[in-house]
Novice: 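Structure in structure tokens, see below.
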Protein chains: 2
Amino acid sequence: MTQSSEQAFLKSYNPKEYDTPIYSVDIAIFTLDQGRLKVLLVERGEHPFKGFWALPGGFVDLKKDPDIHTTARRKLVSKTGVDAPLLEQVSTIGNAHRDPRHWSITTLYMALIPYAPTAEFIEAVNEARWFPIEEIEQLQLAFDHSELLELARERLKNKTAYTVLPIHVLKRPFSLTQLQKAFELLMDTALEKKSFRRRLLNADVLKEVGEGIPEGGKGRPAALYEPADGSESHLFVRVFGD
Amino acid sequence: MTQSSEQAFLKSYNPKEYDTPIYSVDIAIFTLDQGRLKVLLVERGEHPFKGFWALPGGFVDLKKDPDIHTTARRKLVSKTGVDAPLLEQVSTIGNAHRDPRHWSITTLYMALIPYAPTAEFIEAVNEARWFPIEEIEQLQLAFDHSELLELARERLKNKTAYTVLPIHVLKRPFSLTQLQKAFELLMDTALEKKSFRRRLLNADVLKEVGEGIPEGGKGRPAALYEPADGSESHLFVRVFGD
DNA sequence: TGACAATAGTGGCGATTAGCCAATAATAAA
DNA sequence: TTTATTATTGGCTAATCGCCACTATTGTCA
């Protein structure tokens with residue numbers, strides 16, 4: 001390849017000559033509140049599906065976004081006011097019929113955030129609301145967002161089984177009991193107390209930061225923990241066998 | 001939302017009015033040959049990166065492809081002549097700089113196929129070649145395909161640890177020793193013979209179909225296996241602890 | 001025909017881990 | 001002081017892992 005022929009080619013290239021699909025990014029944002037797993041939905045103000053509830057999302061801003069991860073983060077921050085949580089890609093869905101406008105592709109992300117710092121923010125964004133996940137099953141969402149949510153939910157379950165994801169939906173510090181509850185809600189399974197504690201304490205992903213009674217609780221004070229340094233990411237911790 | 005306003009909206013929508021990224025699909029196709037893990041590359045005949053080796057891939061055909069999975073499969077079949085293998089999505093990468101033409105997005109797939117049925121086909125497609133994966137590290141691939149390949153390789157390693165993926169790169173039937181070799185190559189780790197056999201035989205994913213000496217081998221004949229019915233997909237089988 | 005080389009498959013065992021359930025500990029409220 | 005409530009630890013059985021050596025079955029070659 002010569003430098004010059006490459007240059008000449010680039011000058012002659014015009015992306016609008018080709019028939020390309022619509023591309024967007026959607027996010028399933030999960031949190032825990034009052035012992036329930038909740039998902040953030042927004043009400044669509046525009047066609048198509050005007051008035052329907054949908055996952056937050058939108059198009060890439062080619063001027064401002066250096067990459068699609070930034071697009072996802074931008075959407076997340078604009079809806080929740082929170083950055084720096086767990087945000088990861090789940091899957092990309094693209095087909096001819098999911099959007100009535102055109103052949104359409106979306107990359108689905110999921111995010112986990114603690115409830116507290118966002119609640120007031122959400123109240124201010126009047127078209128956004130937290131829904132308990134079971135309630136959403138009754139709703140008809142825009143586009144194929146019900147299926148997208150199902151995909152994100154599955155990924156959440158699976159990944160929870162061998163990583164320490166649930167620390168991201170808790171306010172810090174947290175007790176082991178709170179953490180176990182979080183695991184159980186995200187995985188939708190009951191866990192053995194002793195096995196759970198053994199695993200997590202041996203895995204060296206938590207650091208004890210004191211003792212206290214978690215908010216609104218009674219009974220004996222619990223040891224409180226935070227993620228150990230450098231354990232923010234997806235550390236491998238299998239929480240129950242097979 | 002009224003039926004009529006939705007209709008009116010759709011008529012007025014023209015996808016070419018918006019600035020959208022380029023979208024493509026790429027595939028990392030893995031196989032096993034002569035005890036080596038190999039990847040299929042094609043030589044680019046067009047700009048940009050004309051003359052460079054690249055992962056097979058291309059654009060969605062909005063007329064023919066009902067969805068992006070079909071796009072990936074179409075590319076796979078046209079390069080290898082094989083359908084029906086393991087083909088799954090790895091990740092989607094999109095940013096402003098990966099393609100000199102424009103803001104560009106690609107969805108990366110990976111495929112696993114047995115070597116035999118494809119060898120002759122590949123010979124016929126003169127611009128395609130199997131490369132041992134270590135050799136590719138020396139090569140400069142088109143676009144960001146070196147990074148894409150690295151992503152696929154990582155996914156392959158991780159998934160192999162808790163599924164039965166490697167059965168897809170073997171000709172059938174196969175022996176347990178062959179299967180263990182496949183696991184070891186895909187995971188890039190040595191495994192304990194006894195533990196490996198215990199796991200796989202107890203997991204009920206294999207069906208014994210006879211006995212024989214695998215091609216070109218010596219020594220005692222081995223029991224030969226095929227995947228048990230319904231185990232084609234990603235059965236969970238952890239092959240080694242933590 | 002009888003070693004020997006090569007590969008497949010099994011036995012056995014100490015150490016670790018999972019799963020289970022009950023006992024003990026610390027606090028607030030009555 | 002008692003009781004309710006939640007946290008934490010102890011202890012036991014059964015299953016599993018990792019390790020390594022031993023036995024089994026074939027082809028080959030003197």
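Since this is a predicted model, take the numbers as computed values, not measurements. Each chain gets a letter, A, B and so on, in the order its sequence line appears, and its residues count up from 1.
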Novice: Establish, for the pair R172(A) and F174(A), whether the NZ or CZ atom is under 6.0 angstrom from the six-membered ring centre and no further than 45 degrees off its axis.
Specialist: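 Judged by the rule (NZ or CZ under 6.0 Å from the ring centre, within 45° of its axis), R172(A) is not positioned above F174(A).
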Novice: Expressed in angstrom and rounded to an integer, what is the separation of K193(A) atom NZ from dG10(D) atom P?
Specialist: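 My rounded result for the distance is 14 Å.
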Novice: Measure CD/Q180(A) against C1'/dT8(D) and give the value in whole Å, please.
Specialist: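 That distance rounds to 12 Å.
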Novice: Take atom CZ of F196(B) and atom P of dC19(D), then tell me their distance rounded to the nearest Å.
Specialist: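 Rounded to the whole Å, the gap is 16 Å.
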Novice: Base of dG11(D), side chain of K194(A) - is there a donor-acceptor contact under 3.5 Å?
Specialist: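 Between dG11(D) and K194(A), which were checked side chain against base, a qualifying N/O pair under 3.5 Å is present.
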Novice: In terms of relative ring orientation, are F49(B) and F143(B) parallel, tilted or perpendicular, with 30° and 60° separating the classes?
Specialist: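 F49(B) and F143(B): tilted rings.
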Novice: Considering heavy-atom distances to DNA chain C, does E192(A) or L201(B) have its closest nucleotide positioned more toward the 5' end?
Specialist: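 With E192(A) and L201(B) compared, the 5'-side residue is L201(B).
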Novice: Evaluate the ring planes of W130(B) and Y115(B), with Trp represented by its six-membered ring, and classify them as parallel (under 30°), tilted (30 to 60°) or perpendicular (over 60°).
Specialist: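 Correct class here is tilted.
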Novice: In whole angstrom, what separates R198(A)'s CZ from dC12(D)'s P?
Specialist: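 Distance check: R198(A) CZ to dC12(D) P gives 14 Å.
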Novice: Please report, rounded to the nearest Å, how far the P atom of dA15(C) is from the CG atom of N202(A).
Specialist: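 Going from N202(A) (CG) to dA15(C) (P), I get 19 Å.
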Novice: Pairs under 3.5 angstrom, nitrogen or oxygen only, protein versus nucleotides 25-28 of chain C, please.
Specialist:
unit_1: dA25(C); atom_1: O4'; unit_2: R220(A); atom_2: NH1; d: 3.4
unit_1: dA25(C); atom_1: N3; unit_2: R220(A); atom_2: NH1; d: 3.2

Novice: For the residue pair I167(B) and L179(B), establish whether any side-chain heavy-atom pair is separated by less than 4.5 Å.
Specialist: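 Counting from C-beta outward, I167(B) and L179(B) do come under 4.5 Å.
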Novice: Would you say S195(B) places a side-chain N or O within less than 4.0 Å of OP1 or OP2 belonging to dG18(D)?
Specialist: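 Yes.
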Novice: Classify the ring geometry between Y162(A) and Y162(B) as parallel (under 30°), tilted (30 to 60°) or perpendicular (over 60°).
Specialist: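 Tilted.
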Novice: Quick one: E208(B) CD to dA8(C) P, roughly how many Å, whole number?
Specialist: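 In whole Å, dA8(C) P lies 14 Å from E208(B) CD.
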Novice: Do any side-chain nitrogens or oxygens of T177(A) fall under 4.0 Å of OP1 or OP2 in dT6(D)?
Specialist: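 For dT6(D), OP1/OP2 do not have a side-chain N/O of T177(A) under 4.0 Å.
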Novice: Mark yes when over 12 heavy atoms from residues, nucleotides or ligands other than K157(A) sit less than 6.0 Å from its NZ; otherwise mark no.
Specialist: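 Atom NZ in K157(A) is crowded, with more than 12 foreign heavy atoms closer than 6.0 Å.
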Novice: Please confirm whether R198(B) makes a cation-pi placement over F196(B), using NZ or CZ under 6.0 Å from the six-membered ring centre and within 45° of the ring normal.
Specialist: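 Negative - R198(B) is either too far from the ring of F196(B) or too far off its axis.
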Novice: Return no unless some side-chain N or O of R197(B) is found under 4.0 Å from OP1 or OP2 of dG9(C).
Specialist: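 The answer is yes; a side-chain N or O of R197(B) sits under 4.0 Å from OP1 or OP2.
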